[in-house]
Each structure stands twice: as structure tokens, then as C-alpha cells.
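Heads up: numbering here begins at 1 and tracks the sequence.
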Amino acid sequence: MNQTAMTQEVRLNIPADKMYTPVVTLALSGLGMVLGLDVDLLGDLRTVAAECLDCLMNQAGRPKTIDMRVWKAEGALCVQFEAKDRERTQPQDELALEITKGVLETLMPEVQLSADEDGVHGIVCSMPV
């Protein structure tokens, strides 16, 4: 693993549309490769990204854009997704929130969800590197 890599954070802003999911998954895969992650962990990162985006795009408060922020802190790779410019489009589904958190926790040891009356608007995940 290259210990000197990733000394700064990386940010990406995408339209909240499923067709942009590959952009995020490829960006995370590239960052994982820079950090020397093995193939299994790269696959987990791609899955986490897809699940997080799917979660944020299917909330009561539908975002127009999603920000991704990635940084390395204290031996962990941290990834944050934040829904921006949300507009209420449907009722909130509490069960979907628990399912999403359960899925993410099987892939990343640390998962924090931020939610309000319009659903989940932020997700922070981290894994040791």
C-alpha cells in the first residue's frame, strides 16, 4: 500500500440521476487503487457507492445533485455522500432506511446516516486502509 498517497480530500459533485452512478463508482475504485486496496475491497467500495447513491436518490426529499467527499484519516478511508437541493416528492419510508443501513454495514464497518423529515440526506462510511 502506498502510505504517502491521498494526503488531500477528493470531491465530486454529480447530478442526482442513476446514469451518473458509474462516474462515482469508477472514481472510488481509482482512489482505492491509489491506496493499494485489494480487488475485494475495491468491489465493496463500488457497491457502497451504488447503494449510497440509490438510497439518496430514492428519499422523500429528492436531491438535484449529490456531493461525494473522500479523505483518509487515522488509517481509514472515509467517504461522505450529501444530497443537495432536495425537493419533497413522496412520503418517507422508515423501513427502507433500516434496510439501507443494514446493507451498508455489511460492507463498511462504520456507517452514519443523517436524516430529517424528508428522509436520508447524508451518509458517511469508513473502512480501515
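- Residues Lys72 and Val34 have side chains not in contact (no heavy-atom distance under 4.5 Å, counting atoms from C-beta outward).
- Between Gly122 and Leu56, the closest heavy-atom pair is N-CD2, 4.0 Å.
- Applying the side chain to side chain donor-acceptor pair (under 3.5 Å) test to every pair with at least one member in residues 102-113, sequence neighbours left out, gives no pairs at all.
- Across every non-hydrogen atom of Ser126 and Pro109, the tightest pair is O-CD, 3.2 Å.
- Note that SG of Cys52 and CD1 of Ile66 are 9.5 Å apart. Values are rounded to the nearest 0.5 Å.
- Leu12 and Met19 end up in the same hydrophobic cluster when Ile, Leu, Val, Met, Phe, Trp and Tyr side chains are linked at under 4.5 Å.
- Under the side-chain hydrogen bond (donor to acceptor under 3.5 Å, both in side chains) rule, His121 has a single partner from Gln59, Glu82, Arg86, which is Glu82.
- With sequence neighbours left out, the side chain to side chain contact (heavy atoms under 4.5 Å, CB included) criterion links Thr47 to Glu51, Leu107.
- Arg62 contributes a side-chain N or O that, together with a main-chain N or O of Ala16, makes up a donor-acceptor pair within less than 3.5 Å.
- Using a 4.5 Å cut-off on side-chain heavy atoms (C-beta onward), Leu77 and Leu45 make contact.
- A continuous path of hydrophobic side-chain contacts links Met33 to Val70 [ILVMFWY only; heavy atoms under 4.5 Å].
- Considering CD of Gln80 and OG of Ser114, their distance stands at 8.0 Å, rounded to 0.5 Å.
- In this structure, the side chains of Met68 and Ile14 stay at 4.5 Å or more apart for every pair of heavy atoms.
- For the pair Val48 and Val79, the minimum side-chain heavy-atom distance is 4.5 Å or more.
- Sorted by first and then second residue, the pairs that involve residues 17-40 and meet side chain to side chain donor-acceptor pair (under 3.5 Å), not counting sequence neighbours, are Lys18-Asp54, Ser29-Arg46.
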